[in-house]
Amino acid sequence: MQKTTTTTPAAAAGTGAAASPAAAETADSVASMAATPSSSSSLTAASASQHSSNNSSERGSDSIIDSSGPAQQQKEDEQETTISTKHEPKSEQSMAIHYLASFHEICVVTALLPLVTLFTCFVTAYVFQYDDVHETHCRVYNIVPSISAITGVSPQRYFWRFSIALHIGPRIPIAFVYKNYYRAQLARLAPSLVPKTSWLITLILVLNCIEIAALGGVTYISNRENYPVHERIFITFMICSLCYMLATIKLNGILNARQTLTEQQRLSIKWKKILFVVSILSTIGLLVFFAKHRFYCHDLAFSWFAFFEYLIAIANMLFHFTIIWDFPSQFMVIVQGPRENLLQYLGAKPKLN
């Protein structure tokens, strides 16, 4: 007998009601799974759209930067230049020239100043103070006053001292300029001659400095104030002056041996020799007539003594005046700046051997 199972509507309904939550959940899951591709597509599309928007904005900003590129780059360069200028090392700083003068003109003024002053003192003292400048211990006839006499009365005393003060100032650096000038020429000598010549250059510098100091001494210590000291300083001046002239001529002979000289160099050496001979002969005459005046009180002996004294002074001044041929076109410069830049700009210092 066949058994027939009959499902009642209520049972079916109960079963459907009981199964509906699971079915609904399953349906939602399926729907969610079905919706996922579309959502992913939407997200992808949105992301792509956003990326495209970002790229377009970046391209837009790039185009803006590119359009202002030269100006921006120029501004950055100016800023970098400003920064580098602020932090610029001392070796790159600029130089400043505070003083520039012709060395030739300085030497001319320095050499002529005592000569012009001496002539002025002689004329004014001879005209206005004749009796004062001709007074001697022998009380004999005299027509030519000595240098000490015309520069020992007032106001010529102050004029002469002021002139010598201006004269001595440049003489000291000129002495060292000559030293470096001579040392720069040692490179062309044979090695065996360098030590002896270098010693001679040092001797010339020392003699020149002593001569300058003695000139100041006889100027500021007059024979009226302290005759023994004045006399000794004058002798020192004479000895150093003659030795300086002789050593300078000897040095020029060594440095210029077998050298082709310019016309100015030949004139300088020629007149140095002439003035040295004049100084030697005048010194001999001065000593002879000084002895006649001092020990025998001969008439006009003091005048001849004074005459040779003037010759010695003028020869000495003109000997130093030959510097115009030794340095015809040089300049004296005072420059501010880093030492490295100065050496590069002005050239390396002469090598001292």
Side-chain angles (χ1 to χ4, degrees), residues 110-111 113-122 125-126 132-138 140 142 144-154 156-168 171-172 175 204 206-248 275-298 300-321:
T110 301
L113 186 62
L115 182 62
V116 174
T117 305
L118 184 64
F119 177 77
T120 304
C121 291
F122 178 85
Y126 201 90
D132 293 335
V133 298
H134 286 89
E135 181 181 357
T136 63
H137 75 282
C138 290
V140 293
N142 184 35
V144 180
S146 66
I147 294 177
S148 300
I150 64 173
T151 59
V153 295
S154 180
Q156 289 83 352
R157 175 194 300 118
Y158 308 112
F159 186 35
W160 174 251
R161 290 179 178 180
F162 179 74
S163 172
I164 292 300
L166 296 178
H167 171 78
I168 290 177
R171 281 284 301 273
I172 297 174
I204 289 174
V206 172
L207 290 173
N208 199 358
C209 291
I210 296 176
E211 178 190 337
I212 296 170
L215 176 61
V218 296
T219 299
Y220 294 98
I221 303 176
S222 67
N223 60 341
R224 294 174 181 266
E225 297 171 348
N226 194 330
Y227 181 80
V229 174
H230 177 87
E231 184 181 37
R232 288 174 176 82
I233 295 176
F234 178 74
I235 294 173
T236 302
F237 172 82
M238 290 291 301
I239 294 174
C240 291
S241 175
L242 294 174
C243 292
Y244 169 78
M245 291 181 181
L246 180 61
T248 301
L275 294 170
F276 174 70
V277 172
V278 171
S279 297
I280 288 291
L281 296 178
S282 299
T283 301
I284 296 173
L286 180 140
L287 294 175
V288 170
F289 285 101
F290 178 78
K292 288 185 177 182
H293 165 72
R294 185 71 175 269
F295 301 109
Y296 302 103
C297 289
H298 289 176
L300 296 178
F302 192 78
S303 295
W304 282 105
F305 164 82
F307 172 75
F308 287 115
E309 187 183 28
Y310 284 110
L311 283 183
I312 292 172
I314 294 173
N316 179 269
M317 296 175 191
L318 293 180
F319 188 93
H320 291 288
F321 190 72

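Sequence positions, counted from 1, serve as the residue numbers for this chain. Keep in mind it's a predicted model, so treat the numbers as computed, not measured.
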A.B. asks: I'd like to know if the side chain of S163 and the backbone of F159 have a donor-acceptor N/O pair within less than 3.5 Å.
C.D. replies: no
A.B. asks: Sorted by first residue and then second, give each salt bridge (charged side-chain N to carboxylate O under 4.0 Å, His left out) pair with at least one member in residues 144-153; sequence neighbours left out.
C.D. replies: none
A.B. asks: Please step through side chain to side chain contact (heavy atoms under 4.5 Å, CB included) for the pair I150 and L118, ending with a clear verdict.
C.D. replies: CA-CA 8 Å; I150 64 173; L118 184 64; 3.8 Å; yes
A.B. asks: Give me the atom names and distance for the closest heavy-atom approach of P145 to Y310.
C.D. replies: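 Minimum heavy-atom contact is O-OH, 2.9 Å.
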A.B. asks: Between V278 and A315, which heavy-atom pair has the shortest distance, and what is it?
C.D. replies: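 Nearest pair, atom of V278 first, then A315: CG1-CB, 4.2 Å.
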A.B. asks: For a quick test of reading the model, state the closest non-hydrogen atom pair linking A306 to V144 and the distance between them.
C.D. replies: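 Answer, listing the atom of A306 first, then V144: CB-O, 3.5 Å.
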A.B. asks: Might you point out which heavy atoms bring P114 and W160 nearest each other, and give the distance in Å?
C.D. replies: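 Closest approach of P114 to W160, heavy atoms only: O-CZ3, 3.5 Å.
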A.B. asks: At what distance, to the nearest 0.5 angstrom, does CZ of R161 lie from OG1 of T117?
C.D. replies: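 Here the interatomic distance stands at 14.0 Å.
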A.B. asks: Looking only at heavy atoms, what is the nearest atom pair of E211 and N316, with distance?
C.D. replies: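 Scanning both residues completely, I find the closest heavy atoms to be OE2-ND2, 2.9 Å.
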A.B. asks: Taking the six-membered ring for Trp and the single ring otherwise, decide whether the centroids of H134 and F302 are under 6.0 Å apart.
C.D. replies: no
A.B. asks: Got a donor-acceptor contact below 3.5 angstrom from the T236 side chain to the R232 backbone?
C.D. replies: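 Present.
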A.B. asks: What distance do I280 atom CD1 and I312 atom CD1 have between them, rounded to the nearest 0.5 Å?
C.D. replies: 9.0 Å
A.B. asks: Is the shortest heavy-atom distance from the side chain of T151 to the side chain of Q156 under 4.5 Å?
C.D. replies: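 The answer is no, as the side chains (C-beta and beyond) never meet within the 4.5 Å cut-off.
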A.B. asks: Which heavy atom of L215 sits nearest a heavy atom of R171, and at what distance?
C.D. replies: CD2-NH1, 4.4 Å
A.B. asks: Under a 3.5 Å threshold, yes or no: a donor from one side chain and an acceptor from the other, between S148 and H230?
C.D. replies: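 Present: a donor and an acceptor within the cut-off.
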A.B. asks: Quick one: does any side-chain atom of H298 pair with a main-chain N or O of H293 as donor and acceptor, under 3.5 Å?
C.D. replies: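 Side chain of H298 to backbone of H293: no pair is present.
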A.B. asks: Considering only heavy atoms from C-beta outward, does the side chain of T283 approach that of M238 to under 4.5 Å?
C.D. replies: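 With C-beta onward as the side chain, the pair touches.
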A.B. asks: Are F234 and E309 side-chain neighbours, meaning at least one heavy-atom pair lies under 4.5 Å?
C.D. replies: yes
A.B. asks: Please check this pair: side chain of S146 against backbone of A149, looking for a donor-acceptor N/O pair closer than 3.5 Å.
C.D. replies: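 Looks like yes, one N/O pair under 3.5 Å.
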A.B. asks: Are the aromatic ring centres of H320 and Y244 under 6.0 angstrom apart?
C.D. replies: yes
A.B. asks: L115 versus F321: any side-chain heavy-atom pair under 4.5 Å?
C.D. replies: no
A.B. asks: If you round to the nearest 0.5 Å, how far is CZ of F305 from CZ of F289?
C.D. replies: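 These two atoms lie 12.0 Å from each other.
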A.B. asks: Quick one: CG on L311 to CG on L281, what's the gap to the nearest 0.5 Å?
C.D. replies: 10.0 Å
A.B. asks: Looking at CD1 of I210 and OG of S241, how far apart are the two atoms once the value is rounded to the nearest 0.5 Å?
C.D. replies: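 If we round to the nearest 0.5 Å, I210:CD1 and S241:OG are 12.0 Å apart.
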A.B. asks: Quick check with a 6.0 Å cut-off and a 45 degree axis cone: is K292 positioned over the face of Y296's six-membered ring?
C.D. replies: no
A.B. asks: Got S279 and L242 here, is their nearest side-chain heavy-atom distance under 4.5 Å?
C.D. replies: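 Sidechains of L242 and S279: in contact.
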A.B. asks: So how far is it from I168 CD1 to T219 OG1, rounded to the nearest 0.5 Å?
C.D. replies: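 Separation between the atoms: 6.0 Å.
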